[in-house]
Amino acid sequence: MAEHITITEFLLKHVTGEHSLALTSMLKDIADACKKIALAIDQGALAGNMGSLASENVQGEVQKALDVITNDIFIETNQQSGYVAGMASEEMDDIIQIAEPQRQKGQYLLLFDPLDGSSNVNVNISVGTIFSILKSANAKPVLADFLQAGTEQICAGYALYGTSTMLVLTTGHGVNGFTLDVASGEFYLSHPEIKVPVDTQEFAINMSNYRFWQEPVQRYIDECLQGAEGIRKKDFNMRWVASMVAEVHRILVRGGVFMYPIDSKLQLKGGKLRLMYEANPMSFIIEQAGGAATTGIQRILEVHSNALHQRVPVMMGSRKEIERIAAYHSKKIAH
Ligand code: AHM
Ligand code: MG
């Protein structure tokens, strides 16, 4: 573990500029919330946390007990610093207003997915929490204040509840990863200045959707599958965890591309993954680590946001591969 630097020591030293006080304080609360979530997941079935509820969230998805538990933990814990003016969650239809006494210094918006990949919870596979922080134009924010492009993010991160619990974040100056020491309850810097490896031979996509994809995505995957005998002249490996946080983390550590493209089943929805609290924060992290993120036709961080739960096609990871995929969409690389 690199020099045993705690997350608080790291933030105090490295987060500078106009948002430093607020970010340090908010990130401390976020780290606390993620620790509590890690515990709730660890206790799992023993605490009766694993079932499905009768309720559905705004996306029409059946909520798991842990979706609701982790949502409550995240909201409750992140009201404490007083810097958060409003929140938005994958699990809630509308923006979350923060009561007056809890937002004395409220100038920031916190958008989050408390438990991404929650379909994996019952089968004991890694899940995560994703968050994004924006500046609010209003102390009492309304929906319009949240609808900012991803380029406006001042901080983004995720917690991965995997073989160890990690918190990975960016404030726009590179990406750093911290690992939870369960014994002391402290996050320590374990992955300083993460960079996405430039070369990759690994892709992540739900192959069962192949027949629904658009031609540029089929073409890219076909060429990967042809391996050394095909135009790419090298063999590719494939992974699909069905947990975006786990896939993106793997890409940060050893390279690769993660794809959830538009397909004919998703056409009306605009994509599978949500822009504001899934695609934007993960794209910010990937770009800060030297990678790239596109819808196929546009940089994700520049997508105009018109709804809280808006969906987008997502392709992110090693820069050269993402540029190739974008070039297939714009037909800049001919067959
Ligand atoms: P969720 O927020 O409802 O958990 O959905 C998002 C997840 C991503 O983590 C993952 O990449 C994707 O859904 C998996 O989808 P699929 O089950 O279609 O493979
Ligand atoms: Mg999600």
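Whatever order the structure lists ligands and atoms in, that order sets their numbers, starting from 1.
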Just wondering, do Leu39 and Tyr161 contact through their side chains at under 4.5 Å, heavy atoms?
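No, side chains not in contact.
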Does the side chain of Ile325 come within less than 4.5 Å of Met259's, by heavy atoms?
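In short, these two side chains touch, coming nearer than 4.5 Å.
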If the cut-off is 4.0 Å to any non-hydrogen atom of [X], which atoms of ligand 1 fall inside it?
| X | result |
| --- | --- |
| Ser243 | 9 (O) |
| Phe258 | 11 (O) |
| Asn206 | 16 (P), 18 (O), 19 (O) |
| Arg274 | 1 (P), 2 (O), 3 (O), 5 (O), 6 (C) |
| Glu90 | 1 (P), 2 (O), 3 (O) |
| Leu273 | 6 (C), 8 (C) |

So is Val245 close enough to ligand 1, meaning a heavy atom under 4.0 angstrom away?
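Distance cut 4.0 Å: Val245 fails for ligand 1.
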Mark the output for Ser118 as yes if a heavy-atom distance to ligand 1 is under 4.0 Å, and as no if none is.
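So Ser118 counts as touching ligand 1.
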Take Phe74 and Phe112 through the ring pair (Phe, Tyr, Trp, His ring centres under 6.0 Å) test and state the conclusion after the steps.
CA-CA 9 Å; Phe74 212 79; Phe112 59 93; 4.5 Å; yes
Does the pair [X]/[Y] count as a salt bridge with the N-to-O cut at 4.0 Å?
| X | Y | answer |
| --- | --- | --- |
| Arg254 | Glu202 | yes |
| Glu152 | Lys135 | no |
| Glu229 | Lys234 | no |

Side chain or backbone of Tyr277 under 4.0 Å from ligand 1, or both, or neither, by non-hydrogen atoms?
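It is neither part, as no heavy atom is under 4.0 Å.
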Region of Glu247 that comes within reach of ligand 1 [heavy atoms, distance under 4.0 Å]
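No part of Glu247 is near ligand 1 at this cut-off.
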If you measure every N or O of [X] against every N or O of ligand 1, does any of those distances drop under 3.5 Å?
| X | value |
| --- | --- |
| Tyr260 | yes |
| Met244 | yes |
| Gly117 | yes |

Could you check, using the six-membered ring where one of them is a Trp, whether Trp240 and Phe258 have ring centers closer than 6.0 angstrom?
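Ring centres of Phe258 and Trp240 closer than 6.0 Å.
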Are the aromatic ring centres of His19 and Tyr108 under 6.0 angstrom apart?
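Aromatic pair counts; centres sit under 6.0 Å.
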Would you give the length of the straight line joining atom CG of Asp113 to atom CG of Asp67, rounded to the nearest 0.5 angstrom?
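These two atoms lie 8.0 Å from each other.
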Just to verify, what does Asn138 make a side chain to side chain contact (heavy atoms under 4.5 Å, CB included) with, not counting sequence neighbours?
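Once residues adjacent in sequence are excluded, the partners of Asn138 under the side chain to side chain contact (heavy atoms under 4.5 Å, CB included) criterion are Ser136, Asp145.
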Each residue besides Val123 in its hydrophobic cluster should be listed here, by chain and number; the cluster joins Ile, Leu, Val, Met, Phe, Trp and Tyr at side-chain heavy-atom distances under 4.5 Å.
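Members alongside Val123: Ile125, Val241.
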Test log, rule salt bridge (Lys or Arg N to Asp or Glu O under 4.0 Å), inputs Glu223 and Arg219
CA-CA 6 Å; Glu223 291 176 359; Arg219 174 185 173 190; 3.3 Å; yes
Glu278, Lys272, Met259, Met282: member with heavy atom nearest to atom 17 (O) of ligand 1
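Closest candidate by heavy-atom distance is Lys272.
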For atom 6 (C) of ligand 1, tell me which residue out of Val127, Asp116, Asp113 has the closest non-hydrogen atom.
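Selected option, by shortest heavy-atom distance: Asp116.
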If you leave out waters, which protein N, O or S atoms are less than 2.8 Å from the Mg ion (ligand 2)?
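Per the 2.8 Å query on the Mg ion (ligand 2), atoms found are Glu90 OE1, Asp113 OD2, Asp116 OD1, Glu278 OE2.
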Taking salt bridge (Lys or Arg N to Asp or Glu O under 4.0 Å) as the definition, give me every residue that meets it alongside Arg299, ordered by chain and number, with sequence neighbours left out.
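In terms of salt bridge (Lys or Arg N to Asp or Glu O under 4.0 Å), with neighbours along the sequence ignored, Arg299 is linked to Glu287, Glu302.
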